[in-house]
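Have a look at the structure that comes next, please.
Keep in mind it's a predicted model, so treat the numbers as computed, not measured. In the text below, chain A, chain B and the rest are named by the order of the sequence lines, each starting its count at 1.
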Amino acid sequence: MLDIKFVRKNPELVAKNIENRGAAQDLDDFLKLEQQRRELTQRVQDLKTRRNQASQEVALAKREGRDPAPAMEGLSELSDKIKELDGELKGLDRQVHEWLLSVPNIPAQDVPVGSDEDDNQVVRTRGEKPVMDFQPREHWDLGVELGGLDFEHAAKMTGSRFVMYVGWGARLERALINFMLDVQTGEHGYMETMPPMIVNRDSMTATGQLPKFADDLFKLENWEDYLIPTAEVPLTNIHRGEILQEDQLPLAYTAFTGCFRSEAGSHGKDTKGIIRQNQFNKVELVRFAHPEDSFEQLELLLGHAEEILKRLGLHYRVVNLCTGDLGFGAAKTYDIEVWLPGQGRYREISSCSNFTDFQARRGDIRFKPAQEKKSRLVHTLNGSGLAVGRALVAIMENCQQKDGSIVIPEALRPYMGGMDIIRKQ
RNA sequence: GGAGAGGUGGCCGAGUCGGCUGAAGGCGCUCGCCUGCUAAGCGAGUAAGGGCUUAACCGUCCUUCGAGGGUUCAAAUCCCUCCCUCUCCGCCA
């Protein structure tokens, strides 16, 4: 959510941003509404001042044993008027707030301008594509043949876009989770958590999934709660409505959770394999940062995610998302794209974003500067560290051998009971 | 699911018959004083958000005592609904 004062002072910038982001809000209507709201606020406040003063006199008269009736003259009407205008004001407040909730964040200065993913800027490339003297196979092909991925039974018990990991598949998924958590907690200083995977409406609103993206979420029937699409939601909401101490920043949390996405609107995309599932596992990183250094914190966070890929020996590149590809609440986002030989292209395996004060304002997450009277909004950041299923895909496709076996990366072997190669089971 | 208790400021905790209670008292914290270290002691300050005003400080007004609604000139205090927490019993991973 943008600062209402910022919107008022920078109308042309906000209007341009709304247009660039393909949003549909009308700024002029909003500014009119906001003007009305401010005028009415002032009027109601004045009336309340009068009412409060009069009430004091009634109290005083009673205490001194005088007749309070004269002081009460006309107060009933005044109160009715206040009640009426208060109701009107509440309506305006709600409209103003709802408008603000549906406006995207302003991109950072160094975000490339562009319309879609083709305009994203490659920041760096790390590692090498594996050399293969054979036609690399896709992960679903290998996974099913080697017995680690079972789509048929998952489809029977649930439906499409679900998978059951079996044997080495399940073990490798678990190994990745433990490996990632160990690195992020042990070496990068994140506090490990296991948050709820069901959250309420306020939490979803704070991080920006609601109200605009309800279609992407699974909502529980007869409950006002939702399955989380990412642990970003519970983790960022840890400090919702709180005022932190300045010296607590930055705060860093990590969590392994399931993630649940309806994938509405992506019919026909990635229908094979486990790239796009309605349920997947992810180790998430969330940071609460001081506004002064949140962009340095983003680089740090990005490095924490990259480290996992480096240790797994996977080739990847980092891209700076352009304005057209940037998510709703993000001011700046780096995607990490891992090379998939089977598909012959790079695929997103992590997305690291600085939301500046966008989520903090929605969720009222602040800190108290040591030298100032007023509290300030923190900046929130998050990134995958990493998407576990996609890491599994990357390993399968990058470490496959001509005979169809898969060599397990060194870093994971301790987590695999010493196993170094996956063969048909 | 059954029975009961409660939700007040960073924390604990008062709030009488509704009316100078935005909220006593304590703890914590900040600043100052005192003390040859430490501890103790003394004094002052210490909720958040918003409006007006100011260069800023100050000042002033409005809102907020779990949420929403109602009664009233006036509600932390009375009434209704909801949410949450805790205790006991039952059931269960």
- request: Can you tell me the pairing partner of B:G41 across any strand shown, Watson-Crick or G-U wobble, with both distances under 3.5 angstrom?
  value: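 For B:G41, the partner nucleotide comes out as B:C33, under the 3.5 Å rule.
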- prompt: If we take the P atom in both B:G25 and B:U81, what is their distance in whole Å?
  reply: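 Approximately 37 Å lies between the P atom of B:G25 and that of B:U81.
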message: Is it true that, when you exclude A:E242 itself, more than 12 heavy atoms of the residues, nucleotides or ligands shown sit nearer than 6.0 Å to its CD?
response: yes
message: Could you tell me the Watson-Crick or G-U partner of B:U77, where both distances fall under 3.5 Å? Say none if there is no partner.
response: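 Across all strands, not a single nucleotide pairs with B:U77.
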- request: For B:U46 and B:A40, measure between their P atoms and round to the nearest Å.
  value: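 Result for the P pair: 23 Å, nearest Å.
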field: Distance, P atom - from B:C88 to B:C31, rounded to whole angstrom
entry: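 Taking atom P in both B:C31 and B:C88, they lie 44 Å apart.
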query: What are the two closest non-hydrogen atoms of A:N17 and A:N105, and how far apart are they?
result: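 That closest heavy-atom pairing would be OD1-O, 3.2 Å.
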task: Rounded to the nearest angstrom, tell me the gap between atom CG in A:D3 and atom C1' in B:G50.
output: 12 Å
message: Rounded to whole Å, please give me the gap between CZ in A:R240 and P in B:G66.
response: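 Between P of B:G66 and CZ of A:R240: 18 Å.
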- prompt: How are the rings of A:W99 and A:F30 set relative to one another: parallel (under 30°), tilted (30 to 60°) or perpendicular (over 60°)?
  reply: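 The rings of A:W99 and A:F30 lie parallel, inter-plane angle below 30°.
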task: Return the nucleotide paired to B:A47: Watson-Crick means purine N1 to pyrimidine N3 with N6-O4 or O6-N4, wobble means G-U with N1-O2 and O6-N3, both under 3.5 Å.
output: B:U64
message: Testing the basics here: between A:M164 and A:A154, what is the closest heavy-atom pair and its distance to 0.1 Å?
response: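 Nearest pair, atom of A:M164 first, then A:A154: N-CB, 3.6 Å.
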message: Which nucleotide, if any, forms a Watson-Crick or G-U wobble pair with B:G6, using both distances under 3.5 Å?
response: B:C84
- request: Take the protein atom CD of A:E242 and the nucleotide atom C1' of B:G49, then report the distance between them rounded to whole Å.
  value: 17 Å
task: Go through A:E307 and A:L309 one step at a time and tell me if the side chain to side chain contact (heavy atoms under 4.5 Å, CB included) criterion holds.
output: CA-CA 5 Å; A:E307 184 62 24; A:L309 288 161; over 6 Å; no
- prompt: Rounded to the nearest Å, what distance is computed from the CD atom of residue A:E77 to the P atom of nucleotide B:A74?
  reply: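 After rounding, the reported distance stands at 11 Å.
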- prompt: Taking the same atom, C1', in B:G68 and in B:G15, what whole-Å distance lies between them?
  reply: 24 Å
message: Taking only the C1' atom of each, what is the distance from B:C82 to B:G90 in whole angstrom?
response: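 26 Å, rounded to whole Å.
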- prompt: Taking for each residue the nucleotide of RNA chain B with the nearest heavy atom, is it A:S375 or A:R38 whose nucleotide lies nearer the 5' end?
  reply: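 The residue whose closest nucleotide sits nearer the 5' end is A:S375.
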message: Which nucleotide, if any, forms a Watson-Crick or G-U wobble pair with B:A55, using both distances under 3.5 Å?
response: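 Paired with no nucleotide.
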message: Taking B:A47 as the reference, what is the distance to B:C58 when you measure between their P atoms (whole Å, please)?
response: 13 Å
query: Is there a Watson-Crick or G-U wobble partner for B:G1 with both distances under 3.5 Å, and if so, which one is it?
result: B:C89
- prompt: Starting at CD of A:E34 and ending at C1' of B:G51, how long is that distance when rounded to a whole Å?
  reply: 12 Å
- prompt: Would A:Q53 and A:E57 count as having a side-chain donor-acceptor pair, cut-off 3.5 Å?
  reply: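 There is no such pair (donor and acceptor under 3.5 Å, judged by atom type) between the side chains of A:Q53 and A:E57.
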Length of the CG-P vector between A:L60 and B:A74, whole Å: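 Answer to the nearest Å: 18 Å.
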Value in whole Å for how far the P atom of B:U72 lies from CG of A:L75: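 Those two atoms, CG and P, are 14 Å apart.
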Return a table of donor-acceptor pairs under 3.5 angstrom between the side chains of residues 325-332 of chain A and protein atoms on other chains or two or more places apart.
unit_1, atom_1, unit_2, atom_2, d
A:D325, OD2, A:N120, ND2, 3.0
A:K332, NZ, A:D110, OD2, 2.5
A:K332, NZ, A:Y334, OH, 3.1

- prompt: Do the side chains of A:R171 and A:M419 get nearer than 4.5 Å, heavy atoms only?
  reply: no
- request: Identify which nucleotide among B:A74, B:G68, B:A47 has an atom closest to any side-chain atom of A:K368, counting heavy atoms from C-beta outward.
  value: B:A47
query: What is the nucleic acid contact for A:Q42, judged by heavy atoms within less than 4.0 Å: base, sugar-phosphate only, or nothing?
result: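 Contact class for A:Q42: sugar-phosphate only.
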message: Would you say that more than 12 heavy atoms from the other residues, nucleotides or ligands in this model lie under 6.0 Å from the CZ of A:R50, or not?
response: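 At most 12 heavy atoms, drawn from other residues, nucleotides or ligands, come within 6.0 Å of this atom.
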- prompt: Closest nucleotide of RNA chain B for A:K62 versus for A:R366: which of these residues is on the 5' side?
  reply: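 The residue closer to the strand's 5' end, by nearest nucleotide, is A:K62.
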Between B:U64 and B:U77 - P atom distance, rounded Å: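 The answer is 11 Å between these two P atoms.
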field: Under 3.5 Å: donor-acceptor pair, side chain of A:E77, backbone of A:E73
entry: no
Please write out each protein N/O paired with an N/O of nucleotides 61-65 of chain B under 3.5 Å, distance rounded to 0.1 Å.
unit_1, atom_1, unit_2, atom_2, d
B:C61, O3', A:T49, OG1, 3.3
B:C61, O2', A:T49, OG1, 3.0
B:C62, OP1, A:N52, ND2, 2.7

task: Could you tell me whether the phosphate oxygens of B:U72, OP1 or OP2, come under 4.0 Å of any side-chain nitrogen or oxygen in A:S76?
output: no
List every contact pair, protein side and nucleotides 27-30 of chain B side both N or O, where the distance is under 3.5 Å.
none

- request: Can you tell me, in whole Å, how much space there is between the P of B:U85 and that of B:A23?
  value: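 About 31 Å, rounded to a whole number of Å.
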task: Please round to the nearest 0.5 Å and tell me the distance separating atom OG of A:S266 and atom CZ of A:R261.
output: 10.5 Å
- prompt: Are any non-hydrogen side-chain atoms of A:V7 and A:E34 less than 4.5 angstrom apart?
  reply: no
query: Roughly, in whole Å, what's the span from NZ in A:K90 to P in B:G50?
result: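 Result: 19 Å.
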message: Is A:K374 close enough to B:G50 that one of its side-chain N or O atoms is under 4.0 Å from OP1 or OP2 there?
response: yes
